[in-house]
> 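Sharing a structure here in structure tokens format.
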Amino acid sequence: MLVLNDRLTLNSPVSALPKVRPLDLKRLGALGIKTVRDLLLHLPFGWEEFGEPKAIADLTDGSLATVTGTIRQIAPKISKYKGLRLTQAVLVDGADDELNVVWFNQPWVAGQLHRGDRVALAGTVKATRYGRFEMRNPHHEKLDGGEDAGPKNIGGLMPKYHLVKGLTSKKVAALVSAALPLAEKLEDELPEDVRQRHNLLPLPEAVKLGHKPETQHDWSEARRRMGFAELFELQAAFALMRASMAAEPAEPIPYRQPVIDTFKEGLGFELTLAQRRSMWEAFQDMARPTPMNRLLNGDVGSGKTAVAAACAAMAHDAGMQAVVMAPTEILARQHLHKFRAYLEDSFPTLKVELLVSSQSTAERRRVRASAASGHCALVVGTHALIEEDVEFASLGLAVVDEQHRFGTGQRELLRAKGKGRPHFMAMTATPIPRTLALAQFGEMSVSVIDELPPGRTPVETEVVAPVDRDRAYELVRNQVKLGRQAFVICPLIEESEKVITRSATAEFERLRKEVFPDLRLDLMHGRLKDKEEVMSRFVAGQTQVLVATAVVEVGVDVPNATAMMVEGADRFGLAQLHQFRGRVGRGAEVSYCLLLADDPSESSLKRLNLVTRIRDGFKLAEEDMRIRGMGELLGARQHGMSDEAMQALQQPVLINEIRAEVERVRETDPGFERHPLLKAAIIRRLEQTSIS
Ligand code: ADP
Ligand code: MG
């Protein structure tokens, strides 16, 4: 047992723990772990049961096991295939049975273990073709005791922590062990009565059981408590944010029926019921003397732009300006066209302008002047809007499209352009289930457009077995022959040694040389400098096949693109696949989306088949949440929440109960002044996450 430095406190930096190297600090920091408290509150997301050491002869294929023995052979090697650096070894146990061992990407293991060393290994057992067992990347521990000394740090029940490259669960577990005595000192931020009512463990106990459970039940109860508390803190934080927002004045934008009548007349189509409902919700918000803070959540193509345009028209009628910020220049330009088409003919005094950084200095100066004088009613643009410090004569409404692409700071800068606070609307094409929206964007009101305009041809979606890849290429080729364009989506940018999947870069080279040598291909991924140029070439129809990573997810409108192939489709979430699919099917022609799985197992095919059957993005997002919630919650960190919190959301009623509990506390203590621990936790959370 380590003797704890008695000056170690919950607020000590993790560097105060034994054996923490500077590199570990950086890695822990990447997981949001800076202090001992952070470390303790970071529970493992799962467990591996390696059990007690076993004889090699008793191993079974596919099981997790611990073995002890002597290294008979060990050497670093470079694999022929892809030149991977690995360490190969043979372990022999007391019965003289041999086990093959290989560590990929860990050449240093060959320097740590030597021939003749007694070691313990814990890992997954695989039967090889040669009738032997093998372990790949097992945990290892050198044994120094006598013949039957067992391992101290590996084997048995081993926690799985969220990791970043270079950090192992073993390392985290060792740090946690050193810090765990301090769990006693963790003060419970949950009000006692809330905890009692929901039958939740006190915090110190939850932390201890969460890191060192004896039973499955211990662990799930620990997680339940942590998930609940996290959602509770978030909702409490949202309540404070809503309250502070409601205390700020905003210029009301009164609702006027003639404006909406004129707007509708000029559209050339009938608004859907969901669009009208969302407009109405926004109009009511804007008519108040406190700022609107609304999230407009609608699937790709559901017509969010028209809703924003109607709001801009209403603002204009009240003598105020509006601004719309989009994440890329292409999107900003597409917006410009739509807003002009929706507004300029119907409202002769309503001028729409564009501001992006590629414009000439003179043009940008002209637009800035037009905004500052109040001459133009609506400015559409990119980050340039905040970078160039555009000023408005009287900004009444700020809209952010694809809001997840902007940081909170950027959104705030845009909102700061009003005299008071402008009304604010964020648009997102990522369908978010209601429970998740409440948990994640609880400071906002949410409007949902859960209906597509009529007359859309659904995208024909199909799961294609990897062996039928040629058929998929055939389809792409045929579409291109018809003058159309296609996307090929790959999960990674570059070949990775760990994951055997298609990378955009390698796939681009291969397709260009071997499959479509006669077509015009292009490559797009997040690390490219000239993303916008690549995209413009595609929008202009110069590129026939665009090989890309997930970056094409966001709302670009290329009606001529009718085919999409998704490689490694099983590696994406269902909602994300749905987003990809939304890149095609935007024109009058029939479009196709082909999903290829790296892992054609039954469960992954079942999951992918949901995408072929379900067209409603919200339903898919719910399915996604349900399915992923059961296993590893891949989406959790993407949503800025822990797995525990995501798991808690599996019970959709819980979020309402939590909101009710927060309100109950606020009835007597609106600012949480009499709940200092809770208040401190809220502040920590606001500092940690992007919601502040
Ligand atoms: P998104 O919600 O993805 O931003 P857009 O606002 O770009 O969707 O709309 C997608 C397309 O559908 C546009 O061409 C738009 O003009 C059209 N559209 C929007 N609403 C309707 C409607 N009610 N009926 C028919 N077409 C519509
Ligand atoms: Mg859009």
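Read the numbers this way: they start at 1 and go in the same order the structure lists the ligands and their atoms. Numbers for residues simply follow the sequence, beginning at 1.
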> Can you pull out the closest protein heavy atom to atom 7 (O) of ligand 1? Residue, atom name and distance to 0.1 Å, please.
Lys338 NZ, 2.4 Å
> Are Arg294 and Ser447 linked by a side-chain donor-acceptor pair shorter than 3.5 Å?
yes
> Looking at Glu270, which atoms of ligand 1 are within less than 4.0 Å of one of its heavy atoms?
22 (C), 23 (N), 24 (N)
> Say whether Gly303, considering both its backbone and side-chain N or O atoms, lies within less than 3.5 Å of an N or O atom on ligand 1.
yes
> Which of the numbered atoms in ligand 1 are under 4.0 angstrom from any heavy atom belonging to Asp299?
2 (O)
> Is at least one protein non-hydrogen atom found at under 4.0 angstrom from atom 20 (N) of ligand 1?
yes
> Any ring pair (Phe, Tyr, Trp, His ring centres under 6.0 Å) involving residues 292-325? Give me the pairs, sequence neighbours left out, ordered by first then second residue.
none
> Do NZ/NE/NH1/NH2 and the carboxylate oxygens of Arg366 and Glu363 come within less than 4.0 Å?
yes
> Can you name the atoms of ligand 1, numbered from 1 with element, that are less than 4.0 Å from a heavy atom of Val300?
3 (O)
> Of the backbone atoms (N, CA, C, O) and the side-chain heavy atoms from C-beta on, which set of Phe339 has a member under 4.0 Å from an atom of ligand 1: side chain, backbone, both, or neither?
neither
> Show which atoms of ligand 1 fall inside a sub-4.0 Å distance from at least one heavy-atom site of Thr305.
4 (O), 5 (P), 6 (O), 7 (O)
> Which ligand 1 atoms are under 4.0 Å away from a heavy-atom of Thr272?
23 (N)
> Between the candidates Ala308, Ala309, Gly298, Gly301, which shows the shortest non-hydrogen contact distance to atom 10 (C) of ligand 1?
Gly301
> If you look only at pairs with a residue in residues 273-307, which of them pass as a ring pair (Phe, Tyr, Trp, His ring centres under 6.0 Å), with sequence neighbours excluded?
Tyr255-Trp280, Tyr255-Phe283
> Please confirm whether Met427 approaches ligand 1 to less than 4.0 Å, judged on its heavy atoms.
no
> Could you tell me if Glu589 and Thr562 have a donor-acceptor pair between their side chains, going purely by distance under 3.5 Å?
no
> Checking a contact table here: which protein heavy atom is nearest atom 22 (C) of ligand 1, and how many Å away?
Phe269 CD1, 3.2 Å
> Quick one: look up the protein heavy atom nearest atom 17 (C) of ligand 1 and list residue, atom name and how far away it is.
Arg456 NH2, 3.7 Å
> Which residue supplies the protein heavy atom nearest to atom 2 (O) of ligand 1, what is that atom called, and how far is it?
Lys304 NZ, 2.7 Å
> Under a 3.5 Å threshold, yes or no: a donor from one side chain and an acceptor from the other, between Gln235 and Arg659?
yes
> Side chain, backbone, both or neither: which part of Leu271 has a heavy atom under 4.0 Å from ligand 1?
backbone
> Just to be sure I'm reading this right: ignoring hydrogens, which of Ser302, Ala274, Ala341, Pro453 gets closest to atom 24 (N) of ligand 1? Compare them by their nearest heavy atoms.
Pro453
> Report yes or no: do His335 and Asp401 form a side-chain donor-acceptor pair below 3.5 Å?
yes
> Among protein heavy atoms, which lies nearest atom 15 (C) of ligand 1, and at what distance?
Tyr342 OH, 3.1 Å
> Kindly check if the number of other-residue, nucleotide or ligand heavy atoms within 6.0 Å of NZ (Lys531) is above 12?
yes
> Is the count of non-hydrogen atoms from other residues, nucleotides or ligands lying under 6.0 Å from Gln284 atom CD greater than 12?
yes
> Distance under 6.0 Å and angle within 45° of the ring axis: does Arg583 meet both against Phe487?
no
> So that I can tick it off, tell me whether Arg607 and Asp570 are bridged by a salt bridge, with the cut-off set at under 4.0 angstrom between side-chain N and carboxylate O.
no
